[in-house]
Amino acid sequence: MISGGVDSAVTVHRLYEQGVPMHLFYIRIGMDTDEGDCSAEEDIEMCSLIARKYGLPFDVVSLHQEYWDNVMEYALRTVRAGLTPNPDIMCNSIIKFGYFEQRWGREYRQTATGHYASTYIDSEGVKWLATAIDPVKDQTDFLARISGEQLSHIIFPLGDLPKAEVRRIAVEAKLPNAFRRDSQGICFLGKINYNDFIRRHLGEKPGPIIEIETGRKLGEHRGYWFHTIGQRKGLGLSGGPWFVVRKNVDDNVLYVSRGYDTEKQYGRTLHLAEMHFISRNPWGNEVLGDEGVAIRFKNRHTPEFMPGRIRRMPDAEGEYVIESDVKVQGIAPGQFTAVYDPSAHICYGSGIITGRSVISSNLNR
């Protein structure tokens, strides 16, 4: 699976040097407008150059309808509910390792990808998703919704390399995209402007921005769906910094608090629903007691694996609670929290942060 970026190109290079036979595939997803998808054309051109360099077969396959019917439908539905989606996580589980595997990948022994991740096989022969050697580039949090069956067919040739070494290999191998910048957009959508995308589909809905401590109106926003818990930039307020700390979805109200040290932007408790384990639940059906068990976790894509303890809600299917050992900034309902073993080596899976005490219809201050 090749994307046109330097990471997937170096993946091809490493496997080629090992004598692994390959067939390159690029997954094409069209835009939601009638405009041309320049980013995809550039990607495909780059992939074609890589294929010719190594003498490999290359095909462009389309999963346009599947992407918009599943990933972006999920994203818009989540945003409309006042929550914070993660399209990249859903794209990996549904598109890259879902539809692609079902239609093309299954015809081959393995699917290789340029993700920064690795795998670990334990003494019982269970294959686990494991972190990459480069903590800054580690992408296991984006893979924390795939299934064990999907993982069994994936290899991550870059898991043992820091990003700097990947760039060095690309330059040394004279890859055509050695100096190409990393993509920062939503999965498959390149340089799309997120707010413009949301505006096209959900429009605008002006509402007040309120200082949570005083109830004072500070300004107006153009719709709660443009904002997420923990957000600082893009509020248009002076005298800050201001952070979004709560949303009242029913009344379309955004609550903010001022200052980098405001306690309102921090929390220690993360309620998780729809807990998903990739290979298997490492704790079985245990409730894990009042104290829970030690873990590491990520509630957003950062190099930091935060320490905490997790326990299962006794009478709730798939619901867990994480008590963090450190203060967590911007606990955003709807986001995924990836859960790891205490050494931050194995990624067990992920859960979805619920809106308890953060998003409410009747705000109690």
Side-chain angles (χ1 to χ4, degrees), residues 1-18 20 22-31 36-54 56-64 67 71 86-93 95-97 100-101 104-105 110-118 131-143 146 154-194 301 303:
M1 196 182 302
I2 189 168
S3 68
V6 66
D7 296 328
S8 61
V10 172
T11 297
V12 172
H13 174 78
R14 294 196 90 190
L15 292 174
Y16 181 84
E17 285 200 321
Q18 295 168 21
V20 177
M22 286 174 282
H23 189 134
L24 307 185
F25 288 92
Y26 176 88
I27 302 174
R28 182 163 193 164
I29 303 296
M31 302 292 283
D37 190 353
C38 297
S39 176
E41 295 301 332
E42 293 174 10
D43 289 341
I44 292 170
E45 180 182 1
M46 202 62 66
C47 293
S48 297
L49 291 173
I50 296 295
R52 285 201 296 271
K53 177 179 175 65
Y54 295 102
L56 299 171
F58 169 58
D59 284 305
V60 177
V61 297
S62 174
L63 286 172
H64 172 85
Y67 181 81
V71 178
N86 192 318
D88 288 340
I89 287 180
M90 300 303 282
C91 178
N92 283 326
S93 63
I95 303 299
K96 289 182 179 177
F97 305 117
F100 174 80
E101 280 294 303
W104 296 283
Q110 289 178 311
T111 296
T113 174
H115 285 95
Y116 285 83
S118 61
T131 50
I133 195 172
D134 188 336
V136 175
K137 297 301 295 183
D138 178 76
Q139 293 175 301
T140 50
D141 49 325
F142 289 134
L143 297 164
I146 65 174
I154 307 170
I155 57 172
F156 305 107
L158 301 187
D160 62 340
L161 295 178
K163 179 70 178 194
E165 179 65 8
V166 170
R167 285 286 183 187
R168 188 197 66 76
I169 291 172
V171 172
E172 190 176 84
K174 298 181 180 179
L175 299 180
N177 53 6
F179 299 101
R180 198 179 190 201
R181 294 181 61 183
D182 293 342
S183 172
Q184 300 297 320
I186 298 173
C187 178
F188 287 130
L189 295 186
K191 299 176 182 178
I192 185 174
N193 182 291
Y194 182 73
H301 185 57

Is any side-chain heavy atom of [X] less than 4.5 Å from a side-chain heavy atom of [Y]?
{"X": "Ile146", "Y": "Ile154", "answer": "yes"}
{"X": "Ile50", "Y": "Asn177", "answer": "yes"}
{"X": "Glu45", "Y": "Glu41", "answer": "no"}

Measure from the side-chain N and O atoms of [X] to the backbone N and O of [Y], and report whether any donor-acceptor pair falls under 3.5 Å.
{"X": "Asp7", "Y": "Gly114", "answer": "no"}
{"X": "Asp88", "Y": "Phe142", "answer": "no"}
{"X": "Arg180", "Y": "Gly4", "answer": "yes"}
{"X": "Arg167", "Y": "Ala178", "answer": "yes"}

- prompt: For atom CD of Gln110, is the number of surrounding heavy atoms from other residues, nucleotides or ligands below 6.0 Å larger than 12?
  reply: yes

query: Does CZ in Phe58 sit with more than 12 non-hydrogen atoms of other residues, nucleotides or ligands closer than 6.0 Å?
result: yes

message: Tell me the closest heavy-atom pair linking Ala117 and Phe156, and the distance in Å.
response: O-CB, 3.0 Å

field: Minimum heavy-atom distance Pro157-Arg14, with the two atoms named
entry: O-NH1, 2.7 Å

Set of residues satisfying side chain to side chain contact (heavy atoms under 4.5 Å, CB included) with respect to [X], sequence neighbours excluded:
{"X": "Thr111", "value": "Met1, Phe100, Glu101, His153"}
{"X": "Ala132", "value": "Tyr116, Asp138"}
{"X": "Leu56", "value": "Val12, Met22, Leu24, Tyr54"}
{"X": "Ser8", "value": "Ile2, Ser3"}

Taking only residues two or more places apart in sequence, or in another chain, which ones meet [X] in a side-chain hydrogen bond (donor to acceptor under 3.5 Å, both in side chains)?
{"X": "Thr113", "result": "His115"}
{"X": "Glu172", "result": "Arg168"}
{"X": "Ser118", "result": "none"}

Measure the [atom1]-[atom2] distance between [X] and [Y] for me, rounded to the nearest 0.5 Å.
{"X": "Asp134", "Y": "Leu161", "atom1": "CG", "atom2": "CG", "result": "9.5 Å"}
{"X": "Met90", "Y": "Tyr67", "atom1": "CE", "atom2": "OH", "result": "11.5 Å"}
{"X": "Ile29", "Y": "Ser62", "atom1": "CD1", "atom2": "OG", "result": "6.0 Å"}
{"X": "Ile44", "Y": "Arg28", "atom1": "CD1", "atom2": "CZ", "result": "4.0 Å"}
{"X": "Leu143", "Y": "Asn92", "atom1": "CG", "atom2": "CG", "result": "5.0 Å"}

task: For side chain to side chain contact (heavy atoms under 4.5 Å, CB included), just list the numbers for Glu165 and Val10, CA-CA rounded to whole Å, side-chain angles, deciding distance to a tenth of an Å, and then say yes or no.
output: CA-CA 10 Å; Glu165 179 65 8; Val10 172; over 6 Å; no

Those residues that, when tested against Asp59, pass salt bridge (Lys or Arg N to Asp or Glu O under 4.0 Å) (two or more places apart): none

- prompt: What residues, two or more places apart in sequence or in another chain, satisfy salt bridge (Lys or Arg N to Asp or Glu O under 4.0 Å) together with Lys53?
  reply: none

statement: Residues passing the ring pair (Phe, Tyr, Trp, His ring centres under 6.0 Å) test with His23, sequence neighbours excluded, are Phe25, Tyr108

task: Run the numbers on Leu63 and Trp104 for side chain to side chain contact (heavy atoms under 4.5 Å, CB included), then give the verdict.
output: CA-CA 11 Å; Leu63 286 172; Trp104 296 283; 3.9 Å; yes

